[in-house]
Amino acid sequence: MSLTIKVHVDTHINDLNIIQYQTNRHNRRKFTNYDLKIRPRPIYSSSPLTVYRPKMNVDSVRSSVIKSSLIEPDGGVVVDLVVPESERELKTVEAESMPRVNLTNIDLEWVHVISEGWASPLKGFMRENEYLQSLHFNCLKTKDGSLVNMSLPIVLAIHDETKERIGSSTNVGLVGPDGELIGILRSIEIYNHNKEERIARTWGTTAPGLPYVDEVITLAGNWLIGGDLEVLKPIKYNDGLDHYRLSPQQLRKEFDRRQADAVFAFQLRNPVHNGHALLMNDTRRRLLEMGFKNPILLLHPLGGFTKADDVPLDVRMEQHSKVLEDGVLDPETTIVSIFPSPMHYAGPTEVQWHAKARVNAGANFYIVGRDPAGMGHPTEKRDLYDPDHGKKVLSMAPGLEKLNILPFRVAAYDTVEKKMAFFDPSRAKEFLFISGTKMRTYAKTGENPPDGFMCPGGWKVLVNYYKSLQSEEATGQAAVLAS
């Protein structure tokens, strides 16, 4: 038997007031699962956090290993759709006899996401009823009537000729971009792909120039095919980074190995500067002040599709490793792993997906910042989304009540202290905001940013990357002239 306790925690340490507890007699896990839950009032207010923490027998705690699965995955179990090795040969032979659906590189990334359980309890590409729930309600209703967040449709598009080739078949084989059989989609359902509706509801606009729309949806077929997914073997990219691609189950095991009593996730698609590091280190300090003994940081860069001007994944991973080597983040309390999802740049809609996926990986705290998953408007000189709406939406999103949302404190370069610091409005003129665009401009031109903006090792990685781009461009121009 385990107990769930709801505790009010003031932002000042040691002011804990137990206000409610609830007995759960149906928890089949062994006692040490800390189902910690924080559901603050809207994080854009100054209200204190509300913490849910289990009440335990002290002697039992001392004699047990602390479990880091502080938050249950959606549906109660992390989905694993990879076929056991003992069955692979038989399943492969079966798949070879089925009509085939060819996957793009981004389709393959979604197969990866689904197969490892990032989208639990989803067990395949969405059928129509799941697609409509996701598109219109941003969540799915489970068999027991509860809601899980699912803000992005995870679907597979096919063209007319593929639909005709499938005919009346109920199962299809999935073929990767290199021609290799990847998996099976069973008990399929084919339905209309209304692109305009999907784009409008996901992005809130149909303006031209949305990266994922241009690269994926516009080129996709007019039909969607859903079904139960079986993947013949784990998805690998053979790019030298596969050891960073830890599944939700692997991450949970690693949190357990490190005896984490809190896990806080930070998603990014840019290099880590000292402002990011300040935020992450400050978050750990706050968790320690709240009474946690070993909070672990999940530094979780997005590893799927990104727009053309974003820094490539391999360069970002090298830069992140330098941040740890230089001691900006502590390797003992940090896990760096790649999140395999493609990026939509769909603002408040997409940030729910980013948070939900980290629930399935075992993180019970999620850091959210200004304009998460946002971008500039593709045709106008303004942000596509209100910069504050992402964190506001997360604070009240259906299906994410068990996740603890941590607001991103704004960091900027303090020209007096000559380091990245939390912005002080009373000294506004003494702070310099260095945007991602400005940072890339520094690196492209070889100009160094102010001392203290980024660790030297990490900055060198970026400078070398942009130098290599300029060298490639010069070589290409020379070849054109010579021809």
Side-chain angles (χ1 to χ4, degrees), residues 101-114 118-119 122 125-126 130-136 138 149-159 176-177 192-226 235 237 267-270 300-313 316 338-358 368 371-380 382-387 389-390 393-394 436-437:
V101 172
N102 295 316
L103 304 175
T104 66
N105 287 320
I106 295 175
D107 292 335
L108 184 62
E109 291 173 359
W110 282 121
V111 168
H112 186 179
V113 166
I114 300 168
W118 296 100
L122 195 66
F125 285 102
M126 289 178 175
E130 295 167 321
Y131 171 71
L132 291 175
Q133 289 180 69
S134 172
L135 195 65
H136 290 266
N138 288 169
N149 196 276
M150 191 69 72
S151 63
L152 288 184
I154 300 180
V155 291
L156 178 60
I158 58 173
H159 292 278
N192 247 349
H193 185 193
N194 188 331
K195 298 180 184 180
E196 184 177 28
E197 180 187 28
R198 179 183 173 190
I199 294 165
R201 285 195 170 273
T202 302
W203 282 270
T205 180
T206 55
L210 298 168
Y212 191 90
V213 172
D214 288 351
E215 294 285 336
V216 180
I217 299 180
T218 300
L219 304 175
N222 296 321
W223 304 95
L224 297 175
I225 178 171
I235 303 298
Y237 299 82
Q267 146 136 350
L268 68 169
R269 65 176 194 271
N270 289 306
H300 214 197
L302 184 135
F305 163 82
T306 54
K307 55 189 175 70
D309 62 346
D310 280 349
V311 177
L313 178 62
R316 285 185 278 131
I338 293 173
F339 177 44
S341 175
M343 187 76 192
H344 279 54
Y345 305 90
T349 297
E350 184 171 19
V351 74
Q352 296 174 66
W353 158 243
H354 292 164
K356 174 250 172 42
R358 276 40 179 250
V368 60
D371 198 21
M375 58 174 280
H377 193 283
T379 61
E380 301 175 18
R382 61 179 177 85
D383 288 335
L384 183 56
Y385 306 105
D386 185 301
H389 280 184
V393 165
L394 276 189
T437 301

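- Proximity of a side-chain donor or acceptor of H193 to a complementary backbone N or O of G221 within less than 3.5 Å is detected.
- Taking all atoms of both residues into account, the shortest heavy-atom contact from G390 to P348 is N-CG, 4.0 Å.
- In terms of modelled atom types and a separation under 3.5 Å, the side chain of R316 and the main chain of D310 share no donor-acceptor contact.
- When only modelled atom types and interatomic distance are considered, N192 and Y131 share no side-chain donor-acceptor pair under 3.5 Å.
- Atom OG1 in T104 sits 9.5 Å away from atom CG in L219 (nearest 0.5 Å).
- One N or O on the side chain of T218 and one on the backbone of V213 form a donor-acceptor pair closer than 3.5 Å.
- Note on ring orientation: taking the six-membered ring where Trp is involved, the planes of Y212 and F305 are perpendicular (angle over 60°, cut-offs 30° and 60°).
- For the pair T206 (side chain) and A200 (backbone), a donor-acceptor distance under 3.5 Å is absent.
- By the ring pair (Phe, Tyr, Trp, His ring centres under 6.0 Å) test, W203 pairs with H344, sequence neighbours left out.
- Using a 4.5 Å heavy-atom cutoff, the side chains of S341 and W118 are not in contact.
- Cation-pi geometry between R269 and F339 is not met: the NZ or CZ atom fails to fall both under 6.0 Å from the ring centre and inside 45° of the normal.
- Annotation: side chain of F125 is in contact with side chain of I114 (closest heavy-atom distance under 4.5 Å).
- Under 3.5 Å, the side chains of Q267 and H354 contain a donor-acceptor pair of N or O atoms.
- Put simply, the side chain of N138 gets close to the backbone of S134: a donor and an acceptor are under 3.5 Å apart.
- M150 is listed as a side-chain neighbour of K356, based on a closest heavy-atom distance under 4.5 Å.
- Checked against side-chain hydrogen bond (donor to acceptor under 3.5 Å, both in side chains), E130 has no partners two or more places apart in sequence or in another chain.
- A donor-acceptor contact shorter than 3.5 Å links the side chain of N194 to the backbone of E197.
- Using a 4.5 Å cut-off on side-chain heavy atoms (C-beta onward), P211 and M343 make no contact.
- Between L156 and L103 the shortest side-chain heavy-atom distance falls below 4.5 Å.
- Below 30°, between 30° and 60°, or above 60°: for H112 and Y237 the angle between ring planes is between 30° and 60°, a tilted geometry.
- Residues satisfying the side chain to side chain contact (heavy atoms under 4.5 Å, CB included) test with H377, not counting sequence neighbours, are A207, T379, E380, R382, L384.
- T202 places a side-chain heavy atom less than 4.5 Å from the side chain of L135.
- Residue E109 holds its CD atom at 8.5 Å from CG of L302, rounded to the nearest 0.5 Å.
- Contact record, W353 with L152: CD1-CD1, 3.7 Å, taken as the closest heavy-atom pair.
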